[in-house]
Amino acid sequence: MNKNNPFNNKRNLKSYLLKNGKVINPKTKKIEKKDVLIENKVISSIEKNISMNSEKIEIINCENLYVSPGFVDMRVNLGEPGLEHKETIESACMAAASGGITSMICMPNTSPTIDQPAIIQSIQRKAREVALSKVFCTGCITRESKGEEISELQLMYESGAVGFTDGNKSVSNARVMRRALNYVKSFDGLVIQHAEEPELSFGGDVNESEVSTRMGLMGIPSYTEAMIVERDLWLVKDTNCRYHVSHISTKETVEIIRNAKKKGMPITCDTAPPYFLLNELSLENYRTFSKLSPPLRSEDDRKEIIKGLFDGTIDAIVSDHTPQDQDAKRIPFKQAEFGGVGLETLLPMTLSLVKNEKLDLVKAISLITKNPSDILGLNLGKIETGCDADLAIFNLEKPWKIKPENFFSKSKNSPFDGILVEGLNLITFVRGKLVFKF
Amino acid sequence: MKEENKLKSYPHKHLLGIEGLLPDTINFLLNLSQKFASYLNKNGKKLNYLKNKTCINLFFENSTRTRTSFELAGKKLGADMLNISVGTSSIKKGETLIDTAMTLNAMQPDLIVVRHHDAGAVKLLSEKVNCGVINAGDGPHEHPTQALLDALTILSRKKSISGLKIAICGDIMHSRVARSNIHLLNTLGAEVRVIGPATLMPKDIESLGVKVFYKMKDGLKNVDIIIMLRLQLERMSGSFVPSVREYFRFYGIDREKLKYAQSDALILHPGPMNRGVEIDSELADDLDRSAIFEQVRMGVAVRMACLNALIKKD
């Protein structure tokens, strides 16, 4: 990758004309060869054969490339404040921009946790300075994400919180969860759950199965996820509040959510690439980069996650970007931290569903654009006249090898280390500004 | 062992576990162990096979018998043995496992014997050093020399492992001894059973090639060998079992339960024993039925064989 500063965060009001790209429109579900004109931060025209003769306009030839709405990543751990040795807002925004992600929704389990408006404001201020990607915050459901008392949800909502979650922890207390769901109803807030029954998963490092038994590792039963979702569905039924389950990983969870959706309940969910591309066999040789939360599951679970993505049970794909420094991963498996980086691999991993599983390209792109944006109620993931020019221009066929040492992210803990993929993001626009060029 | 072994030397760099070793490799180590065992029985004088070789015992977990056994084995072969235990080293001061490995590696030892409380930690260490590494126990994962010495003990009383019915009883879930024994005994053709309360059975243990029993009466039926496992007393607080007396009543081996097994069935225990928890005290001392002290003797022979096989590859 071109490391000679492929980024640009300078103010400029340049106009761009993207010529002859295949424009992916998740709303109309169409791919059409059109030109896209970007003027004054927004898309001013999408037509065939736009011709402009002005020196002020930079023409970018997009022949054989796809022009997509910029990607919206619903689950990112920024690392800042408090964990800057793993990731900073700046390094995360660079990683996002290079991967075509134009909007990141960050998790609140920073240090301190995002449980009051001031922290949201400070993150947003920093993100505006970096100016490479849009950054949105979620707030903790409970103070310090301890699971005991609800935090200042509505104040955080006013300051821009787009959802509420305890990040990598489950709200395990049913009474607290019920209150939270009820409370956010007055302002139509969104509750996002990491589903894992904490008492049952306590001390576990990997999925409980033959693999954990052979390796002598303590297991986390796969139903710990489904049982929290099932419990929450009673609360959703009672409160009728919107409810989103993040990074689902098991067959049972897919089945439960599929049924709940059939009944018309206000439930949505997402998954992350490791859960449809890898299974627990990736733990071989005690690979700590494969230690994730939720843990990598069985092959049956992986197949059902793919089914869920096909039939619409799963609404979105998130990167689940969880940077961990070397000291958190180059240690014995039991002591190693959970999580893997994902911002720079979200696009090729999503496209693998198109290549390997024959998922429709527009549908695949919708999973990382329109769908997450709709769940969050944001005006993103679109490509139409008048909306912010947040765009990703990518080559669908380009093969490349995932080399974390080339990542812009500060941390290199990718579960996909060394894998060959196809599909590379080449150019990223945020609010009409060309922020990344390969 | 009647059949002549084809292997001339141990074919791997390390001994990290039994899983994946071929029968020939296991038999090679057992044959060599038998030679050392009979040598120890005859006069047991110090040999000079490993003269000028240095071996480090690196123990992150307390251990008396395994560490002493390796130390004695090394000394019998003439090697220089170094003991590092966690209490006195910089590991307590926060040094990472990889840094420890690289520091020790710089001292150019010929072999490192490691025990660690985490599964996979010995493998991680082995990737960072140039010399061979023996796993002396990594969390609940494997303890290969224990399985070898158990096999050697069995072979001192039985003609062959193949065809024997062997029951492993107790806390299978947390036991590296159980895992290594299952792999070894299965590889050599025994019929392996595991017996214990369901709370101490790991998920899908059947897939390792064992039959699962929850009652001693059923599991011990016609068995030739009974391997009792130590029950850690902290299992009570974890609600795995309610009390010592309830555990002993249903899973402790005593003369009554021993009647279900073959009349000449032999009891093994990796030690240290909890008398009155998993084994009846008087039975433990019965040298006809219990081979517990013989196991300790065999342990030295097995470790001599492993040290010799890994250091002297030519």
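Numbered from 1 within each chain, the chains take letters A, B, ... in sequence-line order. Values below: all heavy atoms of this structure, side chains included; hydrogens, waters and symmetry mates excluded. Keep in mind that this is a model prediction, so the values were computed, not measured.
Considering all non-hydrogen atoms of both residues, A:P323 and A:K86 come closest at O-CD, 3.4 Å.
With a threshold of 4.5 angstrom between heavy atoms, B:L208 approaches chain A through its backbone and through its side chain. Residue A:D327: no heavy atom, backbone or side chain, is found under 4.5 Å from chain B.
Counting heavy atoms of neighbouring residues, nucleotides and ligands inside a 6.0 Å radius, atom CG of A:N356 exceeds 12 of them.
Chain B is approached within less than 4.5 Å, heavy atom to heavy atom, by A:E208, A:S209, A:E210, A:T213, A:R214, A:M215, A:G216, A:L217, A:M218 from residues 196-227 of chain A, ordered by number.
Taking a cutoff of 4.0 Å between a charged side-chain nitrogen and a carboxylate oxygen, A:R258 and A:E304 qualify as a salt bridge.
The aromatic ring centres of B:F240 and B:H174 sit less than 6.0 Å apart.
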Scan the side chains in residues 129-142 of chain B for donor-acceptor partners under 3.5 Å anywhere in the protein, sequence neighbours excluded, and list what turns up.
unit_1	atom_1	unit_2	atom_2	d
B:N135	OD1	B:G137	N	2.6
B:N135	OD1	B:D138	N	3.3
B:N135	ND2	B:L16	O	2.8
B:N135	ND2	B:D138	OD1	2.9
B:D138	OD1	B:H141	ND1	3.4
B:D138	OD1	B:E142	N	3.0
B:D138	OD2	B:G120	N	2.8
B:D138	OD2	B:H141	ND1	2.8
B:H141	ND1	A:Y286	OH	3.1
B:H141	NE2	A:Y286	OH	3.2
B:E142	OE1	B:I18	N	2.7
B:E142	OE1	B:S180	OG	2.5
B:E142	OE2	B:I18	N	3.1
B:E142	OE2	B:E19	N	2.9

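Under the 3.5 Å distance criterion, the side-chain polar atoms of A:S290 are matched with a main-chain donor or acceptor of A:S282. Counting only distance, with no hydrogens or angles, the side chain of B:N27 and the backbone of B:P23 share a donor-acceptor pair below 3.5 Å.
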